[in-house]
Student: 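Below are the structure tokens for one structure; questions will follow.
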Amino acid sequence: MKIAVRTVFDPAAREELIGRMERVRPDVPPQWGKMNAGQMLAHVNASLAMGLGELKTAPKRTPIANPLARWLLIYKLKWPQGTPTAPELLATPPAEWDADLARFRDLMARMGSRPASAEWPRHPAFGAMTGKQWGDLTYKHLDHHLRQFGV
């Protein structure tokens, strides 16, 4: 039995993520971690821009660039709370909540409509990835942060 993988290439999955992000309140504290809601939204926007090749990140030497480790982290393992991230994904301070939320909607639409068969940028930690892997990883990353804020 094959388990369905959620991906931002699925319009219903994108709408679900957007709806959940719209339910995050800027003044609600996280259930874990150090980011407040505004910082989280700026962080996921930066990660979407990175996936689209619009934000350059320095490559990191990590064991998760190994194809087996990458597969396990994208498809099988739950991400631990407090997982480290690329510093470039924390460099943009939050703007005004509604403006950042509008940017999130735009980035999601652009990422979800980009062909999985297109050339995709290298991930700073996971290395070379296919479009399918980017779509699946992006869903998992967004879900992780939305659960951080209880939605």
Side-chain angles (χ1 to χ4, degrees), residues 1-14 16-18 20-21 24 26 28-95 100-101 103-151:
M1 181 173 135
K2 186 174 179 176
I3 297 173
V5 174
R6 303 295 309 244
T7 179
V8 296
F9 295 126
D10 173 10
R14 277 196 315 278
E16 174 240 321
L17 290 168
I18 291 167
R20 288 169 63 195
M21 187 64 78
V24 174
V28 172
Q31 295 180 359
W32 74 81
K34 299 175 184 173
M35 284 190 240
N36 64 35
Q39 292 166 326
M40 179 273 293
L41 182 53
H43 165 71
V44 298
N45 282 347
S47 72
L48 288 163
M50 176 186 68
L52 288 165
E54 298 170 5
L55 175 67
K56 301 301 179 205
T57 55
K60 313 289 184 266
R61 289 184 54 98
T62 69
I64 62 175
N66 170 292
L68 177 59
R70 178 175 51 235
W71 179 80
L72 286 170
L73 285 166
I74 294 174
Y75 298 107
K76 296 297 177 185
L77 301 176
K78 181 179 177 188
W79 284 354
Q81 298 170 356
T83 302
T85 191
E88 297 92 340
L89 301 183
L90 298 173
T92 303
D100 280 348
L101 190 56
R103 182 161 193 256
F104 175 75
R105 289 185 200 105
D106 173 65
L107 288 163
M108 286 289 287
R110 289 192 293 125
M111 182 167 237
S113 64
R114 184 169 186 202
S117 61
E119 186 175 324
W120 290 79
R122 287 184 65 84
H123 188 281
F126 287 93
M129 296 198 327
T130 66
K132 178 183 178 347
Q133 289 170 326
W134 268 106
D136 301 346
L137 174 66
T138 299
Y139 182 93
K140 186 170 185 173
H141 180 236
L142 294 171
D143 177 67
H144 171 80
H145 283 295
L146 290 164
R147 285 185 295 104
Q148 180 182 14
F149 285 86
V151 296

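In this text, all values refer to a predicted model and were calculated from it rather than measured experimentally. In this chain, residues are counted from 1 in sequence order.
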Student: Could you pull out the closest heavy-atom pair between Gly127 and Ala65, with the gap in Å?
Tutor: N-CB, 4.3 Å
Student: Atom CE of Met111 and atom OG1 of Thr7: how far apart are they, to the nearest 0.5 Å?
Tutor: 9.0 Å
Student: Within the 4.5 Å heavy-atom criterion, are Gln133 and Pro67 side-chain neighbours or not?
Tutor: no
Student: At their closest point, which heavy atom of Val28 faces which heavy atom of Phe149, and how far apart are they?
Tutor: O-CE2, 3.5 Å
Student: What is the minimum heavy-atom distance between Arg14 and Val8, and which atoms define it?
Tutor: NH1-O, 2.8 Å
Student: Decide side-chain contact (heavy atoms from CB on, under 4.5 Å) for Leu55 and Leu89; before the verdict, give the C-alpha distance in whole Å, the side-chain angles of both, and the deciding distance to 0.1 Å.
Tutor: CA-CA 9 Å; Leu55 175 67; Leu89 301 183; 3.8 Å; yes
Student: As an exercise, state the distance from CG of Leu73 to CG of Leu137, rounded to the nearest 0.5 Å.
Tutor: 9.0 Å
Student: What distance separates Thr138 OG1 from Leu17 CG, expressed to the nearest 0.5 Å?
Tutor: 9.5 Å
Student: Does the separation of the ring centres of His141 and Trp134 fall below 6.0 angstrom?
Tutor: no
Student: Indicate the atoms forming the closest heavy-atom contact of Lys60 with Pro87, along with that distance.
Tutor: CE-CD, 3.8 Å
Student: Using a 4.5 Å cut-off on heavy atoms from C-beta on, say whether the side chain of Met35 contacts that of Leu90.
Tutor: yes
Student: Are the side chain of Lys56 and the backbone N or O of Gly53 linked by a donor-acceptor pair below 3.5 Å?
Tutor: yes
Student: For the residue pair Asn36 and Gln39, establish whether any side-chain heavy-atom pair is separated by less than 4.5 Å.
Tutor: yes
Student: Is there a salt bridge (Lys or Arg N to Asp or Glu O under 4.0 Å) between Asp143 and Arg147 once you walk through the steps?
Tutor: CA-CA 6 Å; Asp143 177 67; Arg147 285 185 295 104; 3.0 Å; yes
Student: Would you name the heavy atoms of Ala69 and Ile64 that are closest together and state the gap between them?
Tutor: CB-CA, 3.8 Å
Student: Would you say Val24 and Leu41 make side-chain contact, with heavy atoms under 4.5 Å?
Tutor: no
Student: Are Met108 and Met21 close enough, and set up right, to give a side-chain contact (heavy atoms from CB on, under 4.5 Å), and what steps lead you there?
Tutor: CA-CA 11 Å; Met108 286 289 287; Met21 187 64 78; over 6 Å; no
Student: Do the side chain of Arg70 and the main chain of Ala128 share a donor and acceptor less than 3.5 angstrom apart?
Tutor: yes
Student: Would Asp106 and Arg110 pass as an ion pair if we require N to O under 4.0 Å?
Tutor: yes
Student: Verify, without hydrogens or angle tests, whether Arg114 (side chain) and Glu119 (backbone) share a donor-acceptor contact under 3.5 angstrom.
Tutor: yes
Student: Please report the interatomic distance NZ(Lys140) to CG(Leu142), rounded to the nearest 0.5 Å.
Tutor: 13.0 Å
Student: Could you state the interatomic distance from OG1 (Thr130) to CG (Asp136), rounded to the nearest 0.5 Å?
Tutor: 7.5 Å
Student: Measuring centre to centre across the rings, with the benzene-like ring taken for any Trp, is Trp120 within less than 6.0 Å of Phe126?
Tutor: no
Student: Enter the distance from Phe9:CZ to Lys132:NZ here, rounded to the nearest 0.5 Å.
Tutor: 9.5 Å
Student: Does any part of the side chain of Glu88, heavy atoms only, come nearer than 4.5 Å to the side chain of Pro124, both counted from C-beta?
Tutor: no
Student: Check whether any side-chain heavy atom of Pro94 lies under 4.5 Å from a side-chain heavy atom of Asp100, and answer yes or no.
Tutor: yes
Student: Report yes if some heavy atom in the side chain of Ile74 is under 4.5 Å from a heavy atom in the side chain of Met129; otherwise report no.
Tutor: yes
